[in-house]
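Proteins get letters first, then strands, A, B, ... in listed order; numbering begins at 1 in each. Note that these values count all heavy atoms, side chains included, but never hydrogens, waters or copies made by symmetry.
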Amino acid sequence: MDMKTVESKWQQRWEKTKENNFNRKNMDNKYYVLEMFSYPSGAKLHVGHWYNYGPSDTFARFKKMQGYDVFQPMGFDAFGLPAENYAIKTGIHPKDSTEQNIATMEKQLKAMGAMFDWSAEVKTCEEDYYKWTQWMFLKLYEKGLAYRKEAPVNWCPSCNTVLANEQVQEGCCERCGTPVVKKDLTQWFFKITDYAEELLSGLDTLDWPEKTKLMQRNWIGKSVGCEIEFECESGDKFKVFTTRCDTIYGVSYVVLAPEHPLVKKLVSDEQRAAVEEYIDKTAHTDEIERLSSSREKTGVFIGHYAINPVNGKKVPIYAADYVLYSYGTGAVMGVPAHDERDFAFAKKYGLPVTKVIENKNGETVLPFTEDGICVNSLQFDGRFGEEARTEIANYLTKIGKGERKVNYRLRDWLVSRQRYWGAPIPVVHCPKCGVVPVPVKDLPVKLPYNVEFKPDGKSPLAKSDEFMHTKCPHCGGDALRDPDTLDTFVCSSWYYLRYPDAHNAKEPFDPEIVNKMLPVDKYIGGAEHACMHLLYARFFTKALRDMGYLNFDEPFKSLVHQGVILGPDGNRMSKSKGNVISPDEYVSVYGSDVFRMYLMFGFSYTEGGPWSDDGIKSVAKFLDRTERLILKIKDEKGKETGMNAAEKELDYVRNNTIRQITRDVEVFSFNTAVARLMEFVNALYKYDGLENKNIPFLKACAKDLNLLLAPFAPHFAEELWEACGGKYSIFDQKYPVCNESALVREETEYAVQVNSKIKGKLMIAKDMKREDIEEFVLKSDLVKPLVEGKAVKKFIVVPGRLVNIIL
RNA sequence: GCGGAUGUGGCGAAACUGGCAGACGCGCCGGACUUAGAAUCCGGUGGGCAACCUUGCAGGUUCAAAUCCUGUCAUCCGCACCA
């Protein structure tokens, strides 16, 4: 088959007849298949795109043939750093390069032949999209979920610019290698932490890979503990957070994060110089180093003391950078006997180590960090673990010195970017009115084209007078726009809501439509987004639900991660390693169907693996073989001759194939599904080679094969379908359904074991009773000589599989 | 350091809930067709002469273990002082 001609023939026909477009009349029967949209950084599709989209399209087509109205859209996540960096390097404007790349990728995606509904295409860099991204920002602001505060950002002192986290590699600037420092800037944040608990508990309702759910759980990092108030000699009070309030009688010092305001307030005159030096040093240590657990702990005594609320003991206060200001209260009680970090710190600074927990099962080796029995803890002595914590927490509450408290590691989402190629933040800074949101009627705040985007320490937009100067929407006076743009993850946090209503000019989406079309039934994309995109999108969905726009809690009911296709050398593909495989070369030789089918057959979908050429020829061979077979059978003539043994055997393979493929595709086990197709073709060849054939039956089997193959090799199957006189389109036909009765065999082959060792096989009739099986087996020629004269101790029958005789 | 995953022929990989390890394919070997090659078709293919051995390694549970348990090694991924 000349695949080039065949592919373009059907791609045109599908487009002309709108075969792939979703019809809104069918929303009640919808099935929403979504692949993570493309980032148009390079011009061409790489193997990763194909691996994501090809097999997923097979899944979508399979669902369609099962009778669902499948909605499978595609679009582009078009804002972002790579386009801007490319612009800085080449001088080509991000808008121009992005549009160019999108045009090329659209063409290639269409040539892939996936059933994308292009009428719902979305590009995040276009005004009619980012207008609504800005709308999202305003809604979150209105709800109190967007706020501004001063926060440390990554700053490259050489490039004189802020860097995104992704641009910091091992503490250094990705471009020039200069160590990155922290710098405080006023930034916009989204209050994702408001949803920490629901983002955590909602995971239990999702059909997602366990690993991904676990990563989100760890990222959210819930910990249940206690906040305890310490009073200083000065009368100032501060709180510490601990999950181990049962160790409170072992406190030998307390630590404040160096940024904690009380440090500067309480420091004694003798210690002032040392403490200030320490604070300064901390500020200049980059975060990666500071957060390394292997680093030796440092700190400084501030010359002041605090009182332990349970026993009145006076303990020294230290400032130390192993305590993070951003987590909990920014203060910690030091219990060296029962915490490894405190233990190391206490050893270094000569602080006392007091044992207050005893190991229940043996010797107590300090630091002992497991649950144990309280000692040296006054009235709580003898209490164990959780019981001790409850009683001590209750006691602290009673004396007004503490309370139960839940903390999360999750931080609010910093969305400001001092970058050009993104959606401008829709607020105005007015000297009189302060921060004023841009009214919805004035959206979009357009991103100007003529901007100097070379980095020099300021947001590129800040240098555009045309952009910056505006009137305050509130008082009408002169005001300035916000010069920052939104993180691109904001754009991708809601695109799945735009697709079903992609051309709505009045609102981001019609809730009525979206509530019917969502949630996404199957979402497919890389695992690298576990704690970013997949978390942000969930947050957006929940926030929009609480604003009354959505009536569901989770955007992606079911999620699959494809694996990674590595270079032939087993490394990740990269230009510098020279191991990049270009799909185009293979597609032009073998065609898109063969390429996609090889991706399905050669790898376990969720694993991926190193690329190899060897298998691709075998898939081409298989399709050739199938084509010859189907065309030959089409022209064969003969009468119905009934279902004899050979027909029953073929019918068994046929129905077993249907059953297995249906199961396999459902769970993205494409490699085994293709293997089943191959088995079916082999069985058909075998039957076709017989003298006496039931031709009408054979034709029916060949028709099933054609249908079964359609989702895997869409152009190829459509062409054969037409050649055999089938009605257009094959994708509007019903996928074959397994006839269970064909799978019931009169006799089943049993494995026969004696003393658990395989001795041979026996055919046993399907309705034979247990006792009869025993008698039959023991008297068989196979077993008789092996058991003669020995006593049968046990006779095990696993129905349909094996018997095991224990002597 | 913590958490998770993976480890099966020469290669890519299969194996439901503990029940015949290696489906399907590549490669290789042999044969048919052919002047010859390509293509195609048929047969064989874990190791060992054999009894037997074989799912990273060492134990254990079981009539039965790739699968469950304990320990151990290797590789990959995620988080990394979160009190």
In terms of ring plane angle, is the pair A:F301 and A:Y318 parallel, tilted or perpendicular, where the classes change at 30° and 60°?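 Correct class here is tilted.
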Do the side chain of A:R572 and the base of B:rC76 come within less than 3.5 angstrom through a donor-acceptor pair of N or O atoms?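 For A:R572, whose side chain was compared with the base of B:rC76, there is no donor-acceptor pair (under 3.5 Å).
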Which whole number of Å gives the distance between the C1' atom of B:rG9 and that of B:rU54?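 Approximately 10 Å lies between the C1' atom of B:rG9 and that of B:rU54.
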Could you list by number each residue of residues 661-673 of chain A showing a heavy-atom separation from RNA chain B of less than 4.0 Å, or answer none if no residue does?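 Residues of residues 661-673 of chain A under 4.0 Å from RNA chain B: A:N671, A:T672.
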Which residue lies more 5' along RNA chain B, comparing A:R628 with A:I806 via nearest heavy atoms: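 The answer here is A:R628.
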Give a yes or no on this: more than 12 heavy atoms of other residues, nucleotides or ligands lie within 6.0 Å of atom CD of A:E340.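 Check fails, neighbour count at 12 or below.
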Produce the list of close N/O pairs, under 3.5 Å, pairing protein atoms with atoms of nucleotides 48-55 of chain B; give distances to one decimal.
none

Report the glycosidic orientation of B:rG7: syn if within 90° of 0, anti in every other case.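 You should classify B:rG7 as anti.
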Let me see the working for A:L709 and A:F622 under side chain to side chain contact (heavy atoms under 4.5 Å, CB included), right down to the final yes or no. CA-CA 11 Å; A:L709 192 63; A:F622 167 68; 4.2 Å; yes
Hey, does A:G602 reach any base, or is it just sugar-phosphate, or nothing, if we go heavy atoms under 4.0 Å?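 If one applies the 4.0 Å heavy-atom cut-off, A:G602 turns out to touch the sugar-phosphate alone, with no base involved.
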OP1 or OP2 of B:rC11 less than 4.0 angstrom from a side-chain nitrogen or oxygen of A:S612, does that happen here?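 A:S612 to B:rC11 OP1/OP2: no side-chain N or O under 4.0 Å.
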Strictly under 4.0 angstrom, non-hydrogen atoms only: write out the protein contact profile of nucleotides 24-33 of chain B, one letter per nucleotide from the 5' end, B, S or -. BSS-------
